[in-house]
S.K.: 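Take a look at this one; I'll ask things after.
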Amino acid sequence: MIKITFPDGSIKEYEQGITAYEIAQSISPRLAADVLAASVNNIVYDLDRKITEDSSIKLYKWDDEEAKKTFWHSSSHLMAEALEILYPGIKFGIGPSIEVGFYYDVDFGERQISEADLKNVENKMLELAREKQTFTRKDISKVEALNFFDKKGDEYKCELINDLEDGSITLYTNGLFTDLCRGPHLRDTSVIKAVKLTSIAGAYWRGNENNKMLTRIYGVTYPKKSMLDEYLVFLEEAKKRDHRKLGKELELFTFSQRVGPGLPLWLPRGAVLRERLEMFLKKVQKSYGYLPVITPHIGQKELYVTSGHYAKYGKDSFQPIHTPQEGEEFLLKPMNCPHHCEIYRNKPHSYKDLPLRYAEFGTVYRYEQSGELHGLTRVRGFTQDDAHIFCRPDQLKEEFCKVIDIVLYIFKTLDFKEYTAQISLRDPEDKEKYIGTDENWQKAEQAIIEASQEKGLKTTIELGEAAFYGPKLDFMVKDAIGRKWQLGTIQVDYNLPERFDLEYVGADDKKYRPVMIHRAPFGSMERFIAVLIEHTGGKFPLWLTPDQAVILPLSEKYNDFAKKVGELLNNYDIRASIDDRNETIGKKIRENEMKRIPFLLIVGEKEEASNSVSVRRQGVGDEGMVSIEKFVENINKEINEQFK
RNA sequence: GCCUUUUUAGCUCAGUUGGUAGAGCAGCUCAUUCGUAAUGAGCAGGUCGCGGGUUCGAAUCCCGUGAAAGGCUCCA
């Protein structure tokens, strides 16, 4: 007999060799039917795998991440089986589960598969699923494994096996398909009830662009048809919030082929939104002791040779601008820091001057690969809400903490709740990629980790994600369909002060090197606004939205009164305009509702007589008639509450 | 940059097997002067992304190229 410990701490005895599925059955048949995966001593286990020693066990149902992972991973095997039947001789790469669903990388050789073929594959998968195929696990030696896949012609699998250790290799078989796999898997395929293959894409083998590009098929499966339908509806809804779609509909920004890809054009409404965001941050920064600076959009090549950016990115950037003067070269600035370093160098600094915080909404230009451009989230010309803090080493942590405070204040004011904080450190395997001394890197990494802890941030640590000159703390936010984007960033840099030979005079009259912090709480205005659009679905907070109210005269007879109301509101700094088109009130309401105008103010005979407006709130409806003064009071009250 | 797909009026989209373009909305004009999500009529609007080719004839077929979308790689 062995002792099994459950998550609630209770212990039961079972016979040696019992399986997690049998344990679930012993508790209740209902549980056994719902359970999809299990973990034994914190290792995810097949439900039918024998448990041979005293263990603690957890049973996972659909709502548990582990169960979903197992479900989708098994689904990728099911898809592979279907593909192998439909396209014999194809070669397989890898086929993991992902956040939602799964994919499999496949080498179709000379053959091609198109989106139109996916329906066929889906049907085959459902057909195979109904066969109730079991997933059988088999331990196998490295030699045997190599033999098996070599015979099958699966060169990618052989490559994977070569990197594995003998004794740790397992195969899983479902139906006619056998795969190299660590598991775990479902008991059988019959629980897979709904299948949707979502897209086909290319993906380099092992993520290396020098390797062959395989065909990646993405899919998602569910244990119920209704769950798939729900997911598809969710995707449709998410598309409606896409900032590219809303940006067009709400007339915030546009692109022009003639201006060039990745170079957004801000329309009047978008420009107002952006200006208001800038004003908001400027005010916050002023209270934190930042000093505004302004620098040009280009700089001599020499500047970037000094900073080290030329060596790192020179070839992959916009190429130098030449002048009539032979040999003279300027570069579009890809970042603001070198300029700010030169501002620091403008005069000698005492230790008493520090920290110095230079802030600039600096527009920069980066030659992003064409395939990378994406709406406003990845562009070639964008404006960073940049600042560089020059401080003494002993001030570093405090300064870092203050920046975190600013970021958190912004997120709170704009109601961003779902963000993650990511600490990006050096790749310890590949230190060559980075510039700067080991000692400085360690100090900087330490400072970031400590500051994040002190601020109580929940962080993830990513090795190898640091910038080439220093580690960073990034705030990541998801877009409408779950893609992660980096917004705010805080980076410690010991390198640029060195390269620009920055110094300050200490109390002992000796010269010291300041530490530099790069920081951008929004990240870039473009990307931040993109994410803000998707989070709000275009319904921006009242203080921020370009048009707070639109006055709708019932007919031309009330245009004069509408104008009077508009002027009055503008005098109170309320952004109101008049829709005096010769259209029915119904149409004007509909269109302004769709433009997400927070307040529609309807004025007609009654309103003119009582010097008031009838308020209609976006998405809510008629809220009745109030005096103009009362409306102003209410709206201001609401705006003030948004800053608490 | 790579793979796949898309590209027709300002916007959203039709366009059958190749026979030189069509709707709704927006715009303009006129009528209407309206009480909480689309008033009616008329007019105008397109070298079918761009450049070649095949053909008597190309939005449609072929080649090249731009841009966009979904991924991959990249992201100072």
S.K.: Taking the C1' atom of each, how far is B/rG46 from B/rC62, in whole Å?
M.R.: 25 Å
S.K.: Anything below 3.5 Å on both distances counts as a pair; with that, list the stems of at least three consecutive Watson-Crick or G-U pairs involving RNA chain B.
M.R.: B:1-7 with B:66-72, B:10-13 with B:22-25, B:27-31 with B:39-43, B:49-53 with B:61-65
S.K.: Between A/Ser424 and A/Gln422, do the side chains contain an N or O donor and an N or O acceptor separated by less than 3.5 Å?
M.R.: yes
S.K.: For the residue pair A/Leu554 and A/Gly604, what are the closest heavy atoms and their distance?
M.R.: CD1-CA, 3.7 Å
S.K.: Scan nucleotides 37-52 of chain B nucleotide by nucleotide, 5' to 3', and note B when protein non-hydrogen atoms come under 4.0 Å of the base, S if they reach only the sugar-phosphate, - if neither.
M.R.: BBB-------------
S.K.: Please state the C1' separation for the pair B/rU55 and B/rG19 - nearest whole angstrom.
M.R.: 12 Å
S.K.: Say whether A/Ser614 and A/Lys606, considering side chains only, have a donor N or O and an acceptor N or O under 3.5 Å apart.
M.R.: no
S.K.: Decide yes or no, distance alone: a donor-acceptor N/O pair under 3.5 angstrom between the base of B/rG35 and the side-chain of A/Ser614.
M.R.: yes
S.K.: Looking at A/Gly537, is its backbone amide N or carbonyl O close enough to the side chain of A/Arg241 to form a donor-acceptor pair, meaning the two atoms are under 3.5 Å apart?
M.R.: no
S.K.: Whole angstrom is fine here: how far is it from CE in A/Met625 over to P in B/rU36?
M.R.: 15 Å
S.K.: Could you tell me whether A/Asp579 and A/Lys595 have a side-chain N and a carboxylate O separated by less than 4.0 Å?
M.R.: no
S.K.: Have a look at A/Leu600 and say if it touches a base, only the backbone sugar-phosphate, or nothing, with a 4.0 Å heavy-atom cut-off.
M.R.: nothing
S.K.: Heavy atoms under 4.0 Å, any strand shown: does A/His374 hit a base, just sugar-phosphate, or nothing?
M.R.: sugar-phosphate
S.K.: B/rG71, OP1 or OP2 - any side-chain N/O from A/Ser199 closer than 4.0 Å?
M.R.: no
S.K.: Using whole Å, report how far CZ of A/Phe561 lies from P of B/rG35.
M.R.: 18 Å
S.K.: Using atom C1' of each nucleotide, how far apart are B/rU4 and B/rA14 to the nearest Å?
M.R.: 25 Å
S.K.: If I pick the P atom on B/rU16 and the same atom on B/rC28, what distance separates them, to the nearest angstrom?
M.R.: 34 Å
S.K.: Would A/Arg527 count as a cation-pi partner of A/Phe522, with NZ or CZ less than 6.0 Å from the six-membered ring centre and within 45° of the ring normal?
M.R.: no
S.K.: Decide yes or no on salt bridge (Lys or Arg N to Asp or Glu O under 4.0 Å) for A/Glu342 and A/Lys333, but give the supporting numbers first.
M.R.: CA-CA 14 Å; A/Glu342 287 301 306; A/Lys333 71 174 169 186; over 6 Å; no
S.K.: Measuring only the P atom in each nucleotide, how far is B/rG22 from B/rC63? A whole number of Å is fine.
M.R.: 30 Å
S.K.: Show me the pairs that pass salt bridge (Lys or Arg N to Asp or Glu O under 4.0 Å) and involve residues 210-220 of chain A, at least two apart or across chains.
M.R.: A/Asp105-A/Arg216, A/Asp107-A/Lys212
S.K.: Can you tell me how far P of B/rG27 sits from CD of A/Glu251, to the nearest Å?
M.R.: 11 Å
S.K.: Determine the Euclidean distance between corresponding C1' atoms of B/rA9 and B/rG52; express it in Å to zero decimal places.
M.R.: 26 Å
S.K.: Heavy-atom nearest nucleotide on RNA chain B for A/Ser370 versus A/Arg206: which residue maps closer to 5'?
M.R.: A/Ser370
S.K.: Got a list of protein N/O to nucleotides 4-9 of chain B N/O distances below 3.5 Å?
M.R.:
unit_1	atom_1	unit_2	atom_2	d
B/rU4	OP1	A/Gln112	NE2	3.2

S.K.: Looking only at the side chain of A/Met213 (C-beta and beyond, no hydrogens), which of the listed nucleotides B/rG70, B/rG27, B/rC72 gets closest?
M.R.: B/rC72
S.K.: Using the salt bridge (charged side-chain N to carboxylate O under 4.0 Å, His left out) criterion, which residues pair with A/Glu432? Sequence neighbours excluded.
M.R.: none
S.K.: Pull out every protein N or O sitting under 3.5 Å from an N or O of nucleotides 74-76 of chain B, one pair per line with the distance.
M.R.:
unit_1	atom_1	unit_2	atom_2	d
B/rC74	O2	A/Arg378	NH2	3.0
B/rC74	N3	A/Glu372	OE2	3.4
B/rC74	N3	A/Arg378	NH1	3.1
B/rC75	N1	A/Arg378	NH2	3.4
B/rC75	O2	A/Arg378	NE	3.2
B/rC75	O2	A/Arg378	NH1	3.2
B/rC75	O2	A/Arg378	NH2	3.0
B/rA76	N1	A/Ser317	OG	3.4

S.K.: Would A/Asp622 and A/Arg617 count as a salt bridge (Lys or Arg N to Asp or Glu O under 4.0 Å) here? Give the steps.
M.R.: CA-CA 7 Å; A/Asp622 194 355; A/Arg617 189 186 286 265; over 6 Å; no
S.K.: Looking at RNA chain B, which of residues 604-611 of chain A put a heavy atom within less than 4.0 Å of it?
M.R.: A/Gly604, A/Glu605, A/Lys606, A/Glu607
S.K.: Whole angstroms only, please: what is the OH-P distance between A/Tyr103 and B/rC72?
M.R.: 8 Å
S.K.: Measure NZ/A/Lys245 against C1'/B/rA68 and give the value in whole Å, please.
M.R.: 15 Å
S.K.: NA contact type, A/Phe255, heavy-atom cut-off 4.0 Å: base, sugar-phosphate, or nothing?
M.R.: nothing
S.K.: If I take atom CD1 in residue A/Ile217 and atom C1' in nucleotide B/rC72, what distance separates them, rounded to the nearest angstrom?
M.R.: 15 Å
S.K.: Out of A/Glu110, A/Glu84, A/Glu159, A/Glu155, which residue meets the salt bridge (Lys or Arg N to Asp or Glu O under 4.0 Å) rule with A/Lys91?
M.R.: A/Glu155
S.K.: If we take the P atom in both B/rG10 and B/rC48, what is their distance in whole Å?
M.R.: 13 Å
S.K.: Can you run down the salt bridge (Lys or Arg N to Asp or Glu O under 4.0 Å) pairs that involve residues 476-493 of chain A, sequence neighbours left out, and say none if there aren't any?
M.R.: A/Glu99-A/Lys478, A/Asp479-A/Arg483
S.K.: Determine whether A/Glu236 and A/Lys239 satisfy the following criterion, salt bridge (Lys or Arg N to Asp or Glu O under 4.0 Å), listing intermediate values before the conclusion.
M.R.: CA-CA 5 Å; A/Glu236 284 304 308; A/Lys239 270 191 207 153; 3.5 Å; yes
S.K.: Need one value for A/Arg483: base, sugar-phosphate or nothing, where a base atom within 4.0 Å counts as base even if backbone is also close, heavy atoms only.
M.R.: sugar-phosphate
S.K.: Rounding to the closest angstrom, what is the interatomic distance between B/rG45 and B/rA21 at atom C1'?
M.R.: 13 Å
S.K.: Under 3.5 Å, is there a donor on one side chain and an acceptor on the other for A/Thr489 and A/Gln491?
M.R.: yes
S.K.: Using whole Å, what does the distance between atom P of nucleotide B/rG70 and atom CG of A/Leu118 come to?
M.R.: 17 Å
S.K.: Quick one: list whatever passes salt bridge (charged side-chain N to carboxylate O under 4.0 Å, His left out) with A/Lys157, sequence neighbours left out.
M.R.: A/Asp179
S.K.: Salt bridge check, A/Glu593 against A/Arg616: does any charged N sit closer than 4.0 Å to a carboxylate O?
M.R.: yes
S.K.: Atom OH of A/Tyr218 and atom P of B/rC3: how far apart are they, to the nearest Å?
M.R.: 16 Å
S.K.: Run the side-chain donor-acceptor check on residues 249-260 of chain A: report pairs under 3.5 Å with partners two or more places apart or on a different chain.
M.R.:
unit_1	atom_1	unit_2	atom_2	d
A/Glu249	OE2	A/Lys245	NZ	3.1
A/Ser256	OG	A/Arg258	N	3.0
A/Ser256	OG	A/Val259	N	3.0

S.K.: Each nucleotide N or O in nucleotides 10-17 of chain B that has a protein N or O under 3.5 Å away: list the pair and distance.
M.R.:
unit_1	atom_1	unit_2	atom_2	d
B/rU12	OP1	A/Lys248	NZ	3.4

S.K.: Among residues 549-558 of chain A, which residues get a heavy atom nearer than 4.0 Å to RNA chain B?
M.R.: A/Leu554, A/Ser555, A/Glu556, A/Lys557
